[in-house]
Each structure stands twice: as C-alpha cells, then as structure tokens.
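One structure is given below, encoded as structure tokens.
Just so it is clear: chains get the letters A, B, ... in the order the sequence lines come, proteins before strands, and each one is counted from 1. These figures come from a predicted structure and were not determined experimentally.
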Amino acid sequence: MTLSFFDQFMSPSLLGIPLMALALTLPWTLFPAPTPRWLHNRLLALQNWFIGRFAQELLLPLSPAGHKWAMLFASLMLYLISLNMLGLLPYTFTPTTQLSLNLGLAVPLWLATVIIGMRNQPTIALGHLLPEGTPTLLIPVLIIIETISLFIRPIALGVRLTANLTAGHLLIQLIATAAFVLLPLMPTVAVLTGALLFLLTLLEVAVAMIQAYVFVLLLSLYLQENV
Amino acid sequence: MPQLNPSPWFAILVFSWLVLLVVIPPKVVAHTFPKEPTLQSAEKPKTEPWNWPWH
C-alpha cells in the first residue's frame with residue numbers, strides 16, 4: 001500500500017493505543033483548574049481573561065434566555081481552539097480533521113437550537129423561513145429555499161471546519177515535501193519554497209483560531225434566532 | 001479519503017462528546033471573575049461656601 005498524502009488523516013494508533021484518545025485527552029493538561037485563590041499564576045490569569053472576554057463578546061447579542069449556553073460555548077471554544085492549534089505542531093494528530101468529530105459536534109448542537117426555537121416560540125422560529133418584504137409571488141419559492149438553507153447549516157458547519165483544517169494540513173505537507181525534494185536539486189527554489197512554507201504556517205495558525213471562532217459564533221447566531 | 005472510513009467514527013463521536021462534557025466544563029466554570037474596583041473620581045466634589053454660623 002503506497003503512502004499517499006491523505007494518510008496523515010487516518011486515525012493513527014501506536015502499539016494498539018488509538019492516538020485519537022491521547023489527542024483528545026492530553027490538551028486539557030494545559031488548562032489547570034483554578035483554585036479559589038484570588039491570585040493565580042500568569043497562565044491562569046491569561047486563560048481567565050480569555051474566557052471572560054470571549055463569553056462577554058459572544059453573549060452580547062443574545063437575549064438573557066440564551067445566556068444559559070455560556071458554559072457550553074466557552075467549553076466548545078476552548079476545545080476547538082486548542083485541538084486546532086496543537087494540531088499544527090509536527091507529528092501531532094488533529095482530531096478536528098475528522099468529519100465524524102465535527103459533524104458529531106455540529107448536528108446535535110444545531111438541532112438543539114432548532115428544537116429550542118420550535119418548542120418555545122414556534123411562530124417566530126418558523127417566521128425566520130420568510131424574510132420580510134418578499135414579493136407575494138416569490139413566497140413559496142423563498143420558503144423552500146430558506147428551509148433548504150436551514151437544513152444545510154449543520155452540514156456546512158461540520159464540513160467547513162473539517163475542510164479548512166484538512167486543506168491546511170495537506171498544503172503544509174505538500175509544500176514541505178516540495179521544499180525537501182528540491183533541496184539537492186535547486187537550492188534557491190527550495191529556499192523560496194521554504195519561505196512560502198513559513199508564510200503558509202502563519203496562515204494556518206490564523207485559520208486554526210478563526211475556524212474555531214467561526215464555529216462557535218455561527219452556533220450562537222443560530223441560537224440567537226431561536227431564543 | 002480516510003475521514004470517510006466509518007469504522008472508528010462512532011468511537012470518535014462518543015469520546016469527543018465525553019471529553020467536551022466531562023473534562024472541560026469543570027475547568028471553565030472554576031474560573032471566577034471578581035468585580036472590577038471602581039476608580040475614585042479624579043474631580044473633587046464641589047463645595048459651596050456658607051457664611052452662616054454653625055448653629
């Protein structure tokens with residue numbers, strides 16, 4: 001079986017231990033649980049600031065009923081951003097490149113927002129399927145279109161995260177291979193490719209953070225419509 | 001594409017949700033946010049002069 005570039009995304013296992021389990025459990029050692037002390041160390045101070053500011057900014061447009069989701073959103077954000085960022089280190093496995101994980105997060109959470117909307121305010125939730133000011137003749141068509149877009153949301157949410165991270169990792173591997181192969185043949189081109197690799201890695205760091213943020217932001221928007 | 005391989009998908013699903021629900025929320029909830037100390041206003045309160053005796 002020849003090695004292809006996609007093989008980096010296979011769930012790896014070392015000596016029978018699925019490394020997915022390690023990749024999902026070890027990052028949380030970087031987040032110590034704070035004690036009731038007033039003053040902690042620098043790391044906890046930074047994490048405290050991040051969680052507080054993030055929750056504040058995210059919950060700003062939500063009505064008070066949506067503030068119950070604060071813990072879930074903060075946990076989800078920490079989860080995604082640390083998995084994404086740690087995956088950029090060499091030889092680490094990124095669990096968020098697995099479609100099973102991303103769809104498994106996106107579909108239940110989206111479904112939860114829809115069910116909450118349908119139970120508590122069904123008229124308003126269904127009213128989102130028809131934007132204001134549509135011409136009368138277009139109403140049936142637009143309802144169909146809006147329903148389709150509603151049901152595409154969980155798929156888009158999951159696949160967006162998967163595709164962005166997978167594409168990024170693939171690009172890094174491709175360009176790194178190119179730089180490595182070109183080194184004995186055309187050193188100048190190899191150095192330029194190395195510079196491109198450096199810029200790409202910076203981009204991937206940004207993409208890792210942005211994609212985690214977009215995931216949680218979109219979920220909060222779906223909640224905002226329904227709560 | 002290896003991501004489309006269905007064999008570990010259920011285990012990944014369950015394990016990832018387990019971590020998200022069991023491991024992280026206690027760490028998040030344990031963060032407390034003390035009230036910010038309010039700065040004392042820089043302007044001095046306006047005092048009006050009074051020229052009548054104490055009583």
Part of A:L105 lying under 4.5 Å from any heavy atom of chain B: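 Its backbone and side chain both get close to chain B.
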
Structural part of A:L83 lying under 4.5 Å from a heavy atom of chain B: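 For A:L83, no heavy atom lies under 4.5 Å from chain B.
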
Qualifying residue, where the test is side chain to side chain contact (heavy atoms under 4.5 Å, CB included) with A:S75 and the options are B:V23, B:V19, B:V28: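 Of B:V23, B:V19, B:V28, side chain to side chain contact (heavy atoms under 4.5 Å, CB included) with A:S75 is met by B:V28 alone.
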
Top contributor to chain B contacts, counting heavy-atom pairs under 4.5 Å, from [options]:
options	result
A:W49, A:F31, A:W38	A:F31
A:L78, A:N48, A:L76, A:L24	A:N48
A:P95, A:P36, A:A21	A:A21

A:F54, CZ atom: more than 12 neighbouring heavy atoms under 6.0 Å: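 It does: A:F54 CZ has more than 12 such atoms within range.
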
B:F33 atom CZ: more than 12 heavy-atom contacts under 6.0 Å: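 Counting other residues, nucleotides and ligands, CZ of B:F33 exceeds 12 neighbours.
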
Interatomic spacing from CG in B:L20 to CG in A:L80 - rounded to 0.5 Å: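 So the gap between those two atoms works out to 8.0 Å.
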
Minimum heavy-atom distance A:P34-B:K27, with the two atoms named: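 It is CD-O, 3.9 Å.
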
A:M71 to B:P25 - nearest heavy-atom pair and separation: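 Residues A:M71 and B:P25, closest heavy atoms: CE-CB, 3.7 Å.
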
Residue pair A:T25, B:F15: steps toward the side-chain contact (heavy atoms from CB on, under 4.5 Å) verdict: CA-CA 9 Å; A:T25 47; B:F15 201 68; 3.7 Å; yes

Chain A contact via B:S16 - side chain, backbone, both or neither, heavy atoms under 4.5 Å: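 Both parts, backbone and side chain.
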
